[in-house]
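For reference, the structure is listed below as structure tokens.
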Amino acid sequence: MEPKDSTNNEAFKGFTNNACPFYPCHPGVEHEFNCLFCYCPLSAYECPGAYSVIVDRNGMKRKDCSACTLPHNGYRRSWNFIQKWLEKPKIWDGREQDPNRVKEAPTD
């Protein structure tokens, strides 16, 4: 087994589950659809993705990330996006997303 920083195989960075009954769950994805982050690891953290805030039946604020394509738009780019934001995670404070801060998925 090679050390993880020396492999050229990037298969671990994503996959597409064409058999999923919800696929494609996010419209607007322009590159290979990455299902690896179906449940985004940034849901409890600050991030530049498009989200809105909903209040559940218990009065708890939650992020609705259904409009965000960043963790799904391409294997390599979505992997790099998630890794970057998990390097220094900051707990989400319950505020609405600042529209000036929303990052769109890059296009090639």
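Position 1 is the first residue of the sequence, and the numbers go up from there. Computed from a predicted structure; not experimentally measured.
- Between R62 atom CZ and S52 atom OG the span is 13.5 Å, to the nearest 0.5 Å.
- E10 places none of its side-chain heavy atoms less than 4.5 Å from the side chain of Y75.
- Between the CD atom in E32 and the CZ atom in F15 there is a gap of 13.0 Å [rounded to 0.5 Å].
- The two residues C68 and A50 make their nearest non-hydrogen contact at CB-O, 3.4 Å.
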Exercise answer: donor-acceptor pairs, residues 41-49 side-chain atoms, under 3.5 Å, sequence neighbours excluded:
{"unit_1": "S43", "atom_1": "OG", "unit_2": "C40", "atom_2": "O", "d": "3.4"}
{"unit_1": "E46", "atom_1": "OE1", "unit_2": "R101", "atom_2": "NH1", "d": "3.3"}
{"unit_1": "E46", "atom_1": "OE2", "unit_2": "D93", "atom_2": "N", "d": "3.3"}

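- For the pair Q97 and V102, the tightest heavy-atom approach, listed with the atom from each and the gap, is CG-CG2, 3.5 Å.
- Heavy-atom minimum distance, N73 versus H31: OD1-N, 2.9 Å.
- Looking at T16 and N18, their side chains never bring a donor and an acceptor atom within 3.5 Å of each other.
- Of all heavy-atom pairs spanning P71 and I82, the tightest one is CB-CD1, 4.1 Å.
- Judged purely by atom type and a 3.5 angstrom limit, H72 has no side-chain atom pairing as donor or acceptor with the backbone of C38.
- Under the 4.5 Å side-chain contact rule for hydrophobic residues, V29 and L70 do not share a cluster.
- Aromatic ring orientation, Y23 versus F33: perpendicular (interplanar angle above 60°, classes split at 30° and 60°).
- Atom CG of N34 is separated from atom CZ of F81 by 12.0 Å, given to the nearest 0.5 angstrom.
- Judged by distance alone, with hydrogens and angles left aside, the side-chain atoms of N58 form no donor-acceptor pair with the main-chain N or O of M60 at under 3.5 Å.
- Nearest heavy atom pair, residue R95 against residue V53, reads O-CG2, 3.7 Å.
- The two atoms that bring H26 and T69 nearest to each other are CB-CG2, 4.2 Å, heavy atoms only.
- F12 and L86 fall within the same hydrophobic cluster, defined by Ile, Leu, Val, Met, Phe, Trp and Tyr side-chain heavy atoms under 4.5 Å apart, directly or through other members.
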